[in-house]
Protein chains: 2
Amino acid sequence: MREAGWCYGKLRRKGFRLTSPRQAILDVLAQNPRHLSAEEVFLLTHKSHPGIGLATVYRTLNLLTQVGIIRKFDFGDGRSRYELTAEEEEEHHHHLVCIRCGRIINYSDFMEKEKKFIKDLEAELSKKYQFKINSHQIYFYGLCKECQ
Amino acid sequence: MREAGWCYGKLRRKGFRLTSPRQAILDVLAQNPRHLSAEEVFLLTHKSHPGIGLATVYRTLNLLTQVGIIRKFDFGDGRSRYELTAEEEEEHHHHLVCIRCGRIINYSDFMEKEKKFIKDLEAELSKKYQFKINSHQIYFYGLCKECQ
DNA sequence: ATAATAATGAAAATCATTATCAACTATCAT
DNA sequence: ATGATAGTTGATAATGATTTTCATTATTAT
């Protein structure tokens, strides 16, 4: 699906080592559908690298989140989900979450319109609440096509 | 701060019993600042009703969430937070989350503007993804006044 | 009242996630 | 190359939030 090459340098530049477990986990994140849970990452990684433990998966996911290579989400089912960030930061997207089956749809349509709206709103909120905003998330909850 | 009377009937109508623990927990939610965690609800309830156990607090919070009397949020610090819903559904608000100290600010300014925007967006998304949207959440993450 | 059913408290169990620790490995200066 | 240093790892134990279990108690309809 995607390739994780660009991440390697990014890790290095921040002073972290590019080890084989980290590569394996990055590849799993790049080559699989999105919003994987830690356990899903572990199981997928385990196929090709049975030696890699769950603790390492968690550690690596946290590290990659710190560095900004992946992003951590919470869709309300009790486990965190992780998504590879786009190489250039421009592929920002939001989520539709099905409250019945848990399916998650990423959308990035209508982003132009949103971008302007969010920008204005951020400016107003920052001013009123003296809050330095550096990111946002928008979630829509409802029923997906299959679950209606 | 607020009073929880209107909730009682709502519980009954759905076929649940209005017991003293439930009343106590509802009162705590109504009379305290928002976005309380389960443990905070437990501790506050414990003051006036020392007999009420943590399990009952969790059970009641889940029940109230099901019924729609309260709403469950996840701000990313590992514990769920609960907020009493407004009696009329019009008091919808969004959140500013401080990524350093965890402080949460509810805002409901600019909602007119948001309302129109969200409505349009929902219409477009529903159509494109055949998704029946029934709620949404917007979070802004950043640094609060004190933490900057 | 009384039976039928729902709700409760205490404790144990579960689940995701994090910390611990000894063994291992990449990196850098020599 | 080599060895010292600090970063990483896997296995396991520990943690913290939430849920389940089960015997007991309270509430409702009869």
Side-chain angles (χ1 to χ4, degrees), chain A residues 7-28 35-67 69-82 102, chain B residues 7-28 35-67 69-82 102:
Chain A
C7 307
Y8 302 163
K10 198 162 182 179
L11 259 190
R12 277 264 176 60
R13 248 169 282 129
K14 301 251 184 178
F16 297 104
R17 295 180 182 168
L18 178 58
T19 62
S20 124
R22 288 177 181 169
Q23 276 192 48
I25 290 167
L26 270 170
D27 289 344
V28 162
H35 21 76
L36 296 172
S37 67
E39 200 189 346
E40 288 169 333
V41 173
F42 169 71
L43 290 174
L44 287 165
T45 309
H46 190 81
K47 285 185 191 168
S48 48
H49 298 72
I52 297 177
L54 183 55
T56 299
V57 170
Y58 272 104
R59 272 188 296 241
T60 303
L61 290 174
N62 285 341
L63 175 68
L64 297 177
T65 304
Q66 298 285 331
V67 176
I69 291 176
I70 64 177
R71 198 164 283 157
K72 186 177 183 178
F73 290 96
D74 198 307
F75 298 120
D77 66 340
R79 61 187 70 192
S80 295
R81 309 252 164 195
Y82 301 86
Chain B
C7 307
Y8 301 162
K10 199 162 181 178
L11 258 190
R12 278 263 178 60
R13 248 170 281 130
K14 301 251 184 178
F16 298 105
R17 295 178 180 169
L18 176 58
T19 62
S20 124
R22 289 177 181 167
Q23 277 191 47
I25 290 167
L26 270 170
D27 289 345
V28 161
H35 23 76
L36 296 172
S37 67
E39 201 190 346
E40 288 168 334
V41 173
F42 169 71
L43 290 175
L44 288 164
T45 309
H46 191 80
K47 285 185 192 168
S48 48
H49 297 71
I52 297 176
L54 184 55
T56 298
V57 170
Y58 272 104
R59 274 188 295 239
T60 303
L61 290 173
N62 285 341
L63 176 68
L64 297 177
T65 304
Q66 297 286 331
V67 176
I69 290 176
I70 64 177
R71 198 164 282 156
K72 186 177 181 177
F73 290 96
D74 198 306
F75 297 119
D77 67 339
R79 64 186 68 191
S80 295
R81 310 254 164 191
Y82 302 85

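Any value given below was found using the heavy atoms of this structure, including those in side chains, with hydrogens, waters and symmetry copies removed. Within every chain, numbering begins at 1; the chains are lettered A, B, ... in the order of the sequence lines, protein sequences first and strands thereafter.
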Next on the checklist: I'd like to check the side-chain hydrogen bond (donor to acceptor under 3.5 Å, both in side chains) partners of B/Ser37; sequence neighbours left out, ordered by chain and number.
Outcome noted: B/Glu40
Checklist outcome for this item: Given the options B/Thr65, B/Leu64, B/Ile69, B/Tyr82 meets side-chain contact (heavy atoms from CB on, under 4.5 Å) only with B/Thr65
Item to check | Nearest-angstrom distance from the residue atom CD of B/Glu40 to C1' of D/dG16 | outcome: 15 Å
Checklist entry - Between D/dT18 atom C1' and B/Leu36 atom CG, what is the distance in whole Å? => result 17 Å
Next on the checklist: Per the salt bridge (charged side-chain N to carboxylate O under 4.0 Å, His left out) rule, what does the pair list look like for residues 46-59 of chain A, sequence neighbours excluded?
Outcome noted: none
Checklist entry - What's the spacing between A/Leu61 CG and A/Ile25 CD1 if we round to 0.5 Å? => result 6.0 Å
Item to check | Residue pairs passing the side chain to side chain donor-acceptor pair (under 3.5 Å) test where at least one lies in residues 12-25 of chain B, sequence neighbours excluded | outcome: none
Checklist outcome for this item: Sequence neighbours excluded, the answer for ring-ring contact (aromatic ring centres under 6.0 Å, His included) partners of B/Tyr58 is none
Next on the checklist: Once you apply a heavy-atom cut-off of 4.0 Å, does B/Ser80 come out as touching a base, just sugar-phosphate, or nothing?
Outcome noted: sugar-phosphate
Item to check | Near-strand residues of residues 43-65 of chain B, defined as heavy-atom separation under 4.0 angstrom from DNA chain C | outcome: B/Gly51, B/Ile52, B/Gly53, B/Ala55, B/Thr56, B/Arg59
Checklist entry - Excluding sequence neighbours, so at least two apart, what forms side-chain hydrogen bond (donor to acceptor under 3.5 Å, both in side chains) with B/Asp27? => result B/Tyr8
Checklist entry - Among all residues two or more places apart in sequence or in another chain, which pass the side-chain hydrogen bond (donor to acceptor under 3.5 Å, both in side chains) test with B/Asn62? => result none
Item to check | Minimal non-hydrogen separation, A/Ala24 against A/Thr45, with atom names | outcome: CB-CG2, 4.0 Å
Item to check | side-chain contact (heavy atoms from CB on, under 4.5 Å) against A/Gln66, all qualifying residues, sequence neighbours excluded | outcome: none
Item to check | Whole angstrom value for the distance that separates P of C/dT18 from CZ of A/Arg79 | outcome: 14 Å
Between protein and nucleotides 28-30 of chain C, what N or O pairs are separated by less than 3.5 Å?
none

Item to check | Sub-4.5 Å side-chain heavy-atom contact between B/Val28 and B/Leu36 | outcome: yes
Checklist outcome for this item: To the nearest angstrom, the CG-P distance between A/Asp77 and D/dA17 comes to 19 Å
Item to check | Partner residues of B/Phe42 under the side-chain contact (heavy atoms from CB on, under 4.5 Å) criterion, sequence neighbours left out | outcome: B/His46, B/Leu54, B/Val57
Checklist entry - Between atom CD in A/Gln66 and atom P in D/dT8, what is the gap in whole Å? => result 13 Å
Next on the checklist: I need the A/Ser80 OG to B/Asp74 CG distance, nearest 0.5 Å.
Outcome noted: 8.0 Å
Next on the checklist: Tell me the interatomic distance from B/Asp74, atom CG, to C/dA16, atom P, rounded to whole angstroms.
Outcome noted: 15 Å
Checklist entry - In whole Å, what is the span from the NZ atom of B/Lys14 to the C1' atom of C/dA6? => result 18 Å
Checklist outcome for this item: Counting primed atoms, P, OP1 and OP2 as sugar-phosphate and everything else as base, the B/S/- map of nucleotides 23-30 of chain D against protein heavy atoms under 4.0 Å is ---BBS--
Next on the checklist: Angle between the end axes of the helix from C/dA1-D/dT30 to C/dT30-D/dA1, five pairs per end, to the nearest 10 degrees?
Outcome noted: 40°
Item to check | OG1-CG distance between A/Thr60 and A/Leu26, expressed to the nearest 0.5 angstrom | outcome: 8.5 Å
Item to check | Separation of atom CZ in B/Phe75 from atom P in D/dA17, rounded to whole Å | outcome: 17 Å
